[in-house]
Undergrad: 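Can you keep this structure in mind? I'll have questions shortly.
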Amino acid sequence: MVDFDTFVILLLFLAGTTVKGAIDDLDRIIRTLEKCGFRDRFYIHCDGALAGLMMPFIKQAPKVTFKKPIGSVSVSGHKFMGCPVPCGVVITRLEHVKVLSTDIEYLSSRDATIMGSRNGHAPMFLWYTLNKKGYRGIRKEVQKCLRNAHHLANRLREAGVSAYLNELSSTVVFERPHDEAFVHKWQLACEGSIAHVVVMPNVSVEKLNNFVEELIGERPRWHEGGGFRVPCVAKDIGQENCLCGVHDKKLRVV
Ligand SMILES: Cc1ncc(COP(=O)(O)O)c(C=O)c1O
């Protein structure tokens with residue numbers, strides 16, 4: 001039995017999961033928690049490492065705001081924003097900041113960092129990037145990323161490569177290339193049977209086309225001898241997105 005007086009849930013709401021780029025439905029999570037009787041006995045951290053800075057520019061994306069019962073939000077500066085050093089921002093409620101921070105006499109301020117020190121360049125990089133691109137510039141880049149991600153997913157599917165693009169995401173997931181040199185050359189992140197491309201503002205349509213052409217050109221060679229068969233990735237990206245001999249609708253006799 002759960003003791004509802006003391007039970008606290010720590011939830012991680014991912015704004016763009018690492019491998020498949022999924023975006024959780026924040027409002028639904030909150031509704032479900034409240035419906036199940038948890039009310040104020042939960043804590044939600046919104047992990048927006050990749051997509052946190054893209055979501056405000058995507059109409060259908062969940063609105064992340066402290067008007068909702070969330071505890072904290074984090075975003076990375078070196079991902080979508082392209083800052084040249086690893087950096088990020090965590091925003092939380094004052095009540096939590098107060099618990100974690102202490103007054104530092106010689107700084108005449110409060111400090112909430114683990115080591116009592118921080119990188120002074122990181123906020124400058126972030127401030128510079130945000131100001132240089134501006135609201136409209138960032139919106140344009142978000143739209144470009146989503147458009148290009150759709151382009152990549154469509155081109156892969158047209159070429160017979162199983163591919164999946166999560167709603168509101170710019171992370172294209174597809175069958176893992178069977179050649180480590182190719183994976184290394186294109187710096188593909190792989191997990192099990194799948195690989196992904198995170199389409200960021202620096203990735204052009206031309207680069208995506210080159211990638212697809214090279215993949216299609218090389219692919220049959222990786223299976224020489226055994227005969228080429230499209231690998232099944234249904235368990236990773238769903239039957240409806242898998243183009244293997246068993247799941248491809250075009251190949252199935254109705
Ligand atoms: C969902 C998610 N959270 C956190 C991280 C880690 O972010 P950082 O590189 O800023 O430590 C990643 C990195 O890929 C991620 O995808």
Undergrad: Tell me the closest heavy-atom pair linking R157 and A163, and the distance in Å.
TA: NE-O, 3.3 Å
Undergrad: If every non-hydrogen atom of G71 is compared with every non-hydrogen atom of H96, which pair is closest and at what distance?
TA: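 Scanning both residues completely, I find the closest heavy atoms to be O-CD2, 3.9 Å.
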Undergrad: Verify the cluster assignment for M81 and Y135: are they in a single hydrophobic cluster under the rule of side-chain heavy atoms below 4.5 Å apart?
TA: yes
Undergrad: Linking I/L/V/M/F/W/Y whenever any side-chain heavy atoms sit under 4.5 Å apart, do L165 and W186 land together?
TA: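 Result: yes, single cluster for both.
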Undergrad: Do the side chain of Q187 and the main chain of H184 share a donor and acceptor less than 3.5 angstrom apart?
TA: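 Confirmed, Q187 side chain pairs with H184 backbone.
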Undergrad: List the atom of L243, the atom of V230, and the distance in Å for their closest heavy-atom pair.
TA: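 Answer, listing the atom of L243 first, then V230: O-CG1, 3.5 Å.
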Undergrad: Do V212 and L208 have side-chain heavy atoms sitting under 4.5 Å apart?
TA: no
Undergrad: Decide whether V199 and F174 are clustered together by the hydrophobic rule: side chain heavy atoms of Ile, Leu, Val, Met, Phe, Trp, Tyr closer than 4.5 Å, transitively.
TA: yes
Undergrad: Give a yes or no on this: more than 12 heavy atoms of other residues, nucleotides or ligands lie within 6.0 Å of atom CZ of R39.
TA: no
Undergrad: What's the spacing between Y128 OH and L130 CG if we round to 0.5 Å?
TA: 12.0 Å
Undergrad: Any donor and acceptor pair, going by atom type alone, linking the side chain of H196 with main-chain N or O of V19 inside 3.5 Å?
TA: yes
Undergrad: Give a yes or no on whether I23 and I30 share a hydrophobic cluster (residues Ile, Leu, Val, Met, Phe, Trp, Tyr; joining criterion: side-chain heavy atoms under 4.5 Å apart).
TA: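 In one cluster with I23: I30, yes.
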Undergrad: Should N166 and L168 count as side-chain neighbours, where that means a heavy-atom distance under 4.5 Å?
TA: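 They are not in side-chain contact.
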Undergrad: Can you tell me how far CZ of F211 sits from CG of L156, rounded to the nearest 0.5 angstrom?
TA: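 These two atoms lie 6.5 Å from each other.
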Undergrad: Applying side-chain contact (heavy atoms from CB on, under 4.5 Å), run through C232 and V246 and close with a yes or a no.
TA: CA-CA 8 Å; C232 179; V246 174; 6.0 Å; no
Undergrad: Checking the side chain of H78 only, and the main-chain atoms of C83 only, is there a donor and an acceptor separated by less than 3.5 Å?
TA: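 No, because the side chain of H78 does not come within donor-acceptor range (under 3.5 Å) of the backbone of C83.
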Undergrad: Does S74 reach the side chain of D47, with side-chain heavy atoms less than 4.5 Å apart?
TA: yes
Undergrad: Rounded to the nearest 0.5 Å, what's the gap from CG on L53 to OG on S76? Could you check?
TA: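 Answer for the CG-OG pair, L53 versus S76, is 8.5 Å.
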Undergrad: Step through the shown structure and confirm whether more than 12 heavy atoms of other residues, nucleotides or ligands are within 6.0 Å of CZ on F66.
TA: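 Buried by this count: over 12 neighbours within 6.0 Å.
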Undergrad: How far does CZ of R110 sit from CG of L100, to the nearest 0.5 angstrom?
TA: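 Interatomic distance, R110 CZ to L100 CG, rounded to 0.5 Å: 10.0 Å.
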Undergrad: For the residue pair L26 and K63, what are the closest heavy atoms and their distance?
TA: CD2-O, 3.7 Å
Undergrad: Any ion pair linking E175 and R219 (charged N to carboxylate O, less than 4.0 Å)?
TA: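 Yes, R219 and E175 are salt-bridged.
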Undergrad: May I ask you to test the C244-P231 pair for a side-chain heavy-atom distance under 4.5 Å?
TA: no
Undergrad: Which of these passes side chain to side chain contact (heavy atoms under 4.5 Å, CB included) with C46: V73, V75, D24, T65?
TA: V73
Undergrad: Looking at K68, I'd like to know if its NZ atom is crowded, meaning that more than 12 non-hydrogen atoms belonging to other residues, nucleotides or ligands lie closer than 6.0 Å.
TA: yes
Undergrad: More than 12 foreign heavy atoms under 6.0 Å from NZ of K133: is that the case here?
TA: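 Check passes, neighbour count above 12.
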Undergrad: Can you tell whether the side chains of K20 and D236 come within less than 4.0 Å, N to carboxylate O?
TA: no
Undergrad: Roughly how far apart are F125 CZ and N119 CG, rounded to 0.5 Å?
TA: 8.0 Å
Undergrad: Is F57 reachable from L126 through a run of I, L, V, M, F, W or Y residues, each pair having side-chain heavy atoms under 4.5 Å apart?
TA: yes
Undergrad: Are the side chain of R93 and the backbone N or O of I70 linked by a donor-acceptor pair below 3.5 Å?
TA: yes
Undergrad: For E214, does the CD atom have more than 12 heavy-atom neighbours from other residues, nucleotides or ligands under 6.0 Å away?
TA: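 Atom CD in E214 is crowded, with more than 12 foreign heavy atoms closer than 6.0 Å.
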Undergrad: Ignoring hydrogens, what is the shortest heavy-atom contact between S170 and A149? Give both atom names and the distance.
TA: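 Nearest heavy atoms, S170 then A149: CA-CB, 3.7 Å.
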Undergrad: Only one of T171, V172, V173 passes side chain to side chain contact (heavy atoms under 4.5 Å, CB included) with S169; say which it is.
TA: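 For S169, the side chain to side chain contact (heavy atoms under 4.5 Å, CB included) check succeeds only for T171.
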Undergrad: Using 4.0 Å as the upper bound for N to carboxylate O, is an ion pair formed by E218 and R221?
TA: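 Result for this pair is yes, salt bridge flagged.
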Undergrad: What is the distance from atom CG of N148 to atom CG of N209, rounded to the nearest 0.5 Å?
TA: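 Rounded to the nearest 0.5 Å, the CG-CG separation comes to 9.5 Å.
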Undergrad: So do the side chains of H121 and V85 get within less than 4.5 Å of each other, counting heavy atoms only?
TA: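 Contact flag for H121/V85 side chains = no.
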Undergrad: Please indicate whether E95 has more than 12 foreign heavy atoms, meaning atoms of other residues, nucleotides or ligands, lying under 6.0 Å from its CD.
TA: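 Check passes, neighbour count above 12.
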Undergrad: Using the benzene-type ring in the case of Trp, are the ring centres of F38 and Y43 under 6.0 Å apart?
TA: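 They do not qualify: ring centres at least 6.0 Å apart.
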Undergrad: Taking all atoms of both residues into account, what is the closest heavy-atom pair of V205 and H151, and its distance?
TA: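 Closest pair (atom of V205, atom of H151, distance): CG1-NE2, 3.7 Å.
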Undergrad: Using only atom types and a distance under 3.5 Å, with no angle test, would you say the side chain of R176 pairs donor to acceptor with the backbone of V183?
TA: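 No, because the side chain of R176 does not come within donor-acceptor range (under 3.5 Å) of the backbone of V183.
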Undergrad: For E105, look at atom CD and say whether over 12 heavy atoms of other residues, nucleotides or ligands are found less than 6.0 Å away.
TA: no
